[in-house]
Amino acid sequence: MFLADYHVHSSCSFDADDRMVNMARSELARGITEVCFTDHVDFGDQQTMQIGPERFQLPKSQVRQFIDAMEKAPEGIEIRLGLELGQGNHDPARAKRIYAMPEYDFILGSLHNLRGERDFYYLEYESEEQCHELYARYLDELIELAGLGCFDCMAHIGYCLRYMHKQGIDAAVTMDRYGDRVDVLLRTLIENGKGIELNVADLVPGGREDPLLQPFPGLDVLRRYRELGGDIITVGSDAHNVRAAGVGIREGFELLAGSGFRYVAVYRRHKPEFKRIEL
């Protein structure tokens, strides 16, 4: 069974613990035979790696770790280089220049914070009304991002809900309430030849300390993407340490198959290649 993990962080990311070579070893031990490292470049957050606005070169830490992983990782695993590019819609010209860099195979487009706000991880959630307002703004910014040519797949749609739930607020986010916005988002991605990620960090215990036992996007959005003709999808563990590397990937592939998907995408220089899901 072919398994690929296309959302993995190394210690090049400020919030991750382990080097690429050790992450690759842990992935292979869990049956993953292709991995793409997608370390953080977040606009507006100086903790992350920074590329541009003047020089558009690979960060030295990323170069060193990638070469080390290619030389020392065990046989049997393909290693690709990517980024998780956060808030590309906050500086579109810079985001597009990063996307044009020839060294990267794959770029995830993420939105971790709204304009003028901190990362959703750090916000205090006090009411359902507040959460609904933030989620509507989140979808509007995702639609902006979807219209830009600065990524290959959109990461963890619904990211903000993870932290709302963890603070005990269930904002009852439903397709009945937000379906029109979700449709605009998914249609824009499909029309622009962009895919989505099935993020499985919260799908099974082991990916996070307190998983929600659900993927991002949720099944309603995932199935709507399929109904609209979306067929470009990657699966990512969003692992930040060797304990989580590859956790949930197999279950994610099974979930896709059960939702009508027959192929997953892997990338070579931003071009998707499709691998049949075989369980």
Side-chain angles (χ1 to χ4, degrees), residues 2-13 16 18-28 32-42 48-52 56-86 88 94-110 145-146 148-156 189 192-200 231-240 245-246 249 252-253 263-277:
F2 173 80
L3 297 173
D5 189 348
Y6 261 63
H7 191 157
V8 183
H9 295 274
S10 73
S11 53
C12 293
S13 292
D18 297 296
R19 294 179 62 82
M20 290 183 188
V21 63
N22 294 326
M23 295 292 284
R25 288 171 179 150
S26 292
E27 294 274 355
L28 185 59
I32 315 301
T33 55
E34 183 161 331
V35 60
C36 185
F37 286 98
T38 53
D39 284 301
H40 289 294
V41 170
D42 282 82
T48 73
M49 296 189 302
Q50 294 297 308
I51 300 175
F56 289 84
Q57 296 178 335
L58 290 179
K60 291 180 179 179
S61 61
Q62 209 178 22
V63 172
R64 288 193 295 266
Q65 288 210 31
F66 187 69
I67 291 173
D68 184 55
M70 294 292 285
E71 291 177 346
K72 298 178 181 178
E75 292 185 10
I77 188 164
E78 289 280 342
I79 301 175
R80 299 292 165 182
L81 187 64
L83 287 177
E84 183 178 4
L85 183 59
R94 182 178 168 194
K96 290 178 181 179
R97 285 197 64 184
I98 291 173
Y99 185 74
M101 293 171 65
E103 297 90 347
Y104 291 113
D105 286 299
F106 176 71
I107 291 182
L108 282 167
S110 293
L145 182 59
L148 303 176
C150 63
F151 65 93
D152 299 302
C153 287
M154 182 167 281
H156 47 50
L189 290 168
N192 289 340
K194 304 302 181 182
I196 67 172
E197 173 202 37
L198 180 68
N199 187 294
V200 299
D231 57 6
I232 304 175
I233 192 161
T234 60
V235 182
S237 69
D238 205 349
H240 285 66
I249 294 297
F253 273 62
Y263 299 89
V264 295
V266 296
Y267 279 79
R268 308 287 185 269
R269 296 297 189 265
H270 303 299
K271 296 187 181 300
E273 298 178 3
F274 295 94
K275 301 286 189 178
R276 182 178 289 276
I277 299 173

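Hydrogens, waters and symmetry mates are skipped; everything else that's a heavy atom, side chains included, is used. Not measured: the values here are computed from a predicted model.
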- [ ] Could you tell me whether the side chain of Tyr263 reaches within less than 4.5 Å of the side chain of Ile232, counting heavy atoms only?
- [x] no

Task: Evaluation steps, side-chain contact (heavy atoms from CB on, under 4.5 Å), between Met154 and Leu189 - done: CA-CA 8 Å; Met154 182 167 281; Leu189 290 168; 4.1 Å; yes

Task: Candidates Tyr6, Phe37, Tyr99 - the one meeting ring pair (Phe, Tyr, Trp, His ring centres under 6.0 Å) with Phe106 - done: Tyr6

Task: Non-hydrogen side-chain atoms of Met101 and Leu83 separated by less than 4.5 Å - done: no

Task: Asp68 side chain near Met20 side chain, heavy-atom distance below 4.5 Å - done: no

Task: Contact check, side chains of Glu103 and Val63, non-hydrogen atoms, under 4.5 Å - done: no

Open item on the list: Counting C-beta onward and ignoring hydrogens, is there a side-chain heavy-atom pair between Ser237 and Glu27 closer than 4.5 Å?
Closed with: yes

Task: Minimum-distance pair of heavy atoms, taken over all atoms of Asp42 and Thr48 - done: N-OG1, 3.0 Å

Task: Separation of Thr38 OG1 from Leu108 CG (nearest 0.5 Å) - done: 5.0 Å

TODO: Drop me the distance from Arg19's CZ to Ser11's OG, to the nearest 0.5 angstrom.
DONE: 6.0 Å

Task: Closest contact, heavy atoms only, Gln62 versus Leu81 - done: NE2-CD1, 3.7 Å

Task: Between CG on residue Asp5 and SG on residue Cys36, distance to nearest 0.5 Å - done: 9.5 Å

- [ ] Could you check whether the rings of Phe2 and Phe253 sit parallel, tilted or perpendicular, using 30° and 60° as the cut-offs?
- [x] perpendicular

- [ ] Enter the distance from Ile51:CD1 to Tyr104:OH here, rounded to the nearest 0.5 Å.
- [x] 3.5 Å

Task: Interatomic distance, Glu34 atom CD to Thr234 atom OG1 [nearest 0.5 angstrom] - done: 11.0 Å

- [ ] Work out which heavy atom in Leu28 is nearest to a heavy atom in Pro74; give both atom names and the distance.
- [x] CD2-CG, 3.6 Å

Open item on the list: Can you list everything that forms a salt bridge (Lys or Arg N to Asp or Glu O under 4.0 Å) with Arg276? Sequence neighbours excluded, please.
Closed with: none

TODO: Walk me through it: do Phe151 and Ile98 pass the test side-chain contact (heavy atoms from CB on, under 4.5 Å)?
DONE: CA-CA 9 Å; Phe151 65 93; Ile98 291 173; over 6 Å; no

- [ ] Report the distance from atom SG of Cys153 to atom NE2 of His270, rounding to the nearest 0.5 Å.
- [x] 11.5 Å

Task: Results of salt bridge (Lys or Arg N to Asp or Glu O under 4.0 Å) for Arg94 - residues two or more places apart only - done: none

Open item on the list: Is any side-chain heavy atom of Ile79 closer than 4.5 Å to one of Phe66?
Closed with: yes

Open item on the list: Can you tell me how the ring of His7 sits relative to the ring of His156, calling it parallel under 30°, perpendicular over 60° and tilted otherwise?
Closed with: tilted

- [ ] With sequence neighbours left out, write down each residue that passes salt bridge (Lys or Arg N to Asp or Glu O under 4.0 Å) with Arg25, or none if nothing qualifies.
- [x] none

Open item on the list: On a heavy-atom basis, which atom in Ala155 and which in Ser110 lie closest, and how many Å separate them?
Closed with: CB-OG, 3.3 Å

Open item on the list: Testing the basics here: between Leu145 and Cys150, what is the closest heavy-atom pair and its distance to 0.1 Å?
Closed with: CD1-SG, 4.0 Å

Open item on the list: Can you give me the closest heavy-atom contact between Val266 and Ala4, atom names plus distance?
Closed with: CG1-CB, 4.0 Å

- [ ] Kindly indicate whether the side chain of His9, heavy atoms from C-beta on, has any atom under 4.5 Å from the side chain of Asp238.
- [x] yes

TODO: Begin from the C-alpha positions of Asp105 and Arg268 and carry the test salt bridge (Lys or Arg N to Asp or Glu O under 4.0 Å) through to its verdict.
DONE: CA-CA 5 Å; Asp105 286 299; Arg268 308 287 185 269; over 6 Å; no

Open item on the list: Would the distance check show the side chain of Asp18 and the main-chain N or O of Met23 forming a donor-acceptor pair, the cut-off being under 3.5 Å?
Closed with: no

